[in-house]
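These notes concern the structure reproduced below.
Order of the sequence lines fixes the chain letters, A, B, ..., with proteins taken first and strands second; residue numbering starts at 1 for each chain.
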There are 2 protein chains.
Amino acid sequence: MHDVHLDTPSSKCSVCVLGQFCLPVGITQSDIAQIDLLVKERVHLQKGQSLYRHGDPLQSVYSIRYGTLKTEHCLEDGRQQVIGFHLPGEILGLDGIGNGQYQSDAIALEESDVCIIGFEAFEDLARQIPVLQQQFHRILSRELTQDQRHLLSLGSLRAEERLAVFLLNLSQRLAARGYLDHEFDLRMSRVEMGSYLGIQIETVSRMLSRFAESGLIQIKQRHIKLIDMDGLYELAGIPNPERTLEIKRL
Amino acid sequence: MHDVHLDTPSSKCSVCVLGQFCLPVGITQSDIAQIDLLVKERVHLQKGQSLYRHGDPLQSVYSIRYGTLKTEHCLEDGRQQVIGFHLPGEILGLDGIGNGQYQSDAIALEESDVCIIGFEAFEDLARQIPVLQQQFHRILSRELTQDQRHLLSLGSLRAEERLAVFLLNLSQRLAARGYLDHEFDLRMSRVEMGSYLGIQIETVSRMLSRFAESGLIQIKQRHIKLIDMDGLYELAGIPNPERTLEIKRL
DNA sequence: CGAACAGTTGAATTCATTCAAATAAAGTGG
DNA sequence: CCACTTTATTTGAATGAATTCAACTGTTCG
């Protein structure tokens, strides 16, 4: 079913450097031991390999430990669209809970490590550890909010604005994980960016060139530097959160 | 906080005609009694009144008993977009779980009745009734899938296709609730439709006129008849599920 | 009845797409 | 390691779908 290679966990969730994403805070030692037991195995994915495909029966949800994945939905007529890009600490496979089958394909954009969380056992444990249940609900709900922001972008913004929003969102998420946030490698192709943003790759390319020309960014292949954050935030139509402190000081 | 009018429940969830949506199947009598206790009150909304606003602290989620509501998100710069239209049996307010504040506005499109479900008590009860917890997770997950389909529509379809998909989706949801599904009243304005579909109202109007001209629909104000279902499904790029049986027979 | 609002239709404009071609990078096999 | 194919990306020019601007019609409501 999966074109993947299974590992047994070499290190536990309780020592996972990404624990702040995977696990709720304020949980006891014995709780953690139980949660560790949930993650029976881990998968190592090569670039292009799929974690699951739409229609596969839901057995697990997944937590990204290292790497980047995309999820995409497809239409009956063969057209398909990238719905999300996923970074370490994010949970995948949640769209399979609704009717027991994943509704999307999840594909690695680079070599990645993913923890497998048996869903039935997880639901059982969540019942016993209230804070885990709450955290799970929060994760599902935030996922909703994410998608709704994406809807707003596709429905109301011009290509240029969508791209700016996308770059800034990516930057913020990298920052939250302790990665460099003003200079990084785009793990997705222009085709995948365009698909995610609802625009053609030629437009993606043109907009990136335009951003570079205006001094907002520097881009060389998939390596990007965000130069003028204020300019980007202005383009995206949102206030620059990095300046929150300064604003409050005024 | 809410510009609403509170009622005490005159009839219980256990006798709610919409129970198949509100409540999981396969639940015991005593479970039902407990669930009844969750719904402490009900709100009656006039057209245009809001059930909650973004930023309001989450205390409850809501189940629509009668009527239609829209949810919308807004951008910092004032632009806003309709994210969803909601029919009886659907749960609202789920986007507030993530960080304790609703992320959207929910506004009645017509006179509506909504059940208030205290969220904390609900989470507690869900822990005690596994099937209720499971049902809740399914609802959240389906919500995700819904939004992702919407994303696909905004990102990959032309205006005409989006409108066809929208009309068919509405029709299916009405059918699932036992309403007339080939002839009904649109509860939303052209502006709201356009906002939801990511197109201008002039385009909505033009496309509707075009559909009528081609004999796909009949429309007079907000009253619509779907005439040529096959044609609409073809436009939407999806197979007509009403013909599933016939296809299987071939 | 008249004002305000909602919806339709036409014409001009624009943003993004499509088509086409060039360039750059990555992979392949000798 | 190099020539060569394949894939990814960029850029230009022509086209097109949807928007914007504008005018008009139909509804609703005080």
query: Does Glu110(A) reach the main-chain N or O of Thr68(A) with its side chain, forming a donor-acceptor pair under 3.5 Å?
result: yes
- Task: Establish, with yes or no, whether the OP1 or OP2 oxygen of dT9(D) is under 4.0 angstrom from a side-chain nitrogen or oxygen of Arg222(A).
- Result: yes
*asked:* Would you say that more than 12 heavy atoms from the other residues, nucleotides or ligands in this model lie under 6.0 Å from the CD of Gln172(A), or not?
replied: yes
(request) Without swapping roles, check the side chain of His150(A) against the backbone of Tyr196(A) for a donor-acceptor pair under 3.5 Å. (result) yes
Rounded to whole Å, the CE-C1' distance (Met193(A) to dA8(D)) equals 14 Å
Taken to the nearest 0.5 Å, the spacing of Met193(B) CE from Lys70(B) NZ works out to 13.5 Å
Determine, stepwise, if the pair Val191(A) / Val82(A) fulfils side-chain contact (heavy atoms from CB on, under 4.5 Å).
CA-CA 10 Å; Val191(A) 174; Val82(A) 175; over 6 Å; no
note: Phe211(B), atom CZ; dG7(C), atom C1'; distance rounded to Å ~ 17 Å
Taken to the nearest whole Å, CG/Leu186(B) to P/dT8(C) is 10 Å
To the nearest angstrom, the CD1-P distance between Ile224(A) and dT9(D) comes to 13 Å
Exercise. Walk me through it: do Glu72(A) and Arg53(A) pass the test salt bridge (Lys or Arg N to Asp or Glu O under 4.0 Å)?
Key: CA-CA 9 Å; Glu72(A) 38 188 20; Arg53(A) 299 232 162 235; over 6 Å; no
Just checking His223(B) against Phe184(B), ring centres under 6.0 Å apart? no
With B for base contact, S for sugar-phosphate-only contact and - for none (protein heavy atoms under 4.0 Å), nucleotides 10-19 of chain D reads BBBB----SB
Here the residues of residues 78-85 of chain A within 4.0 Å heavy-atom distance, strictly under, of DNA chain C are none
Margin query: Other residues, nucleotides and ligands only: do more than 12 of their heavy atoms fall within 6.0 Å of CD on Glu76(B)?
Written below: yes
Taken to the nearest whole Å, NZ/Lys220(B) to C1'/dT27(D) is 12 Å
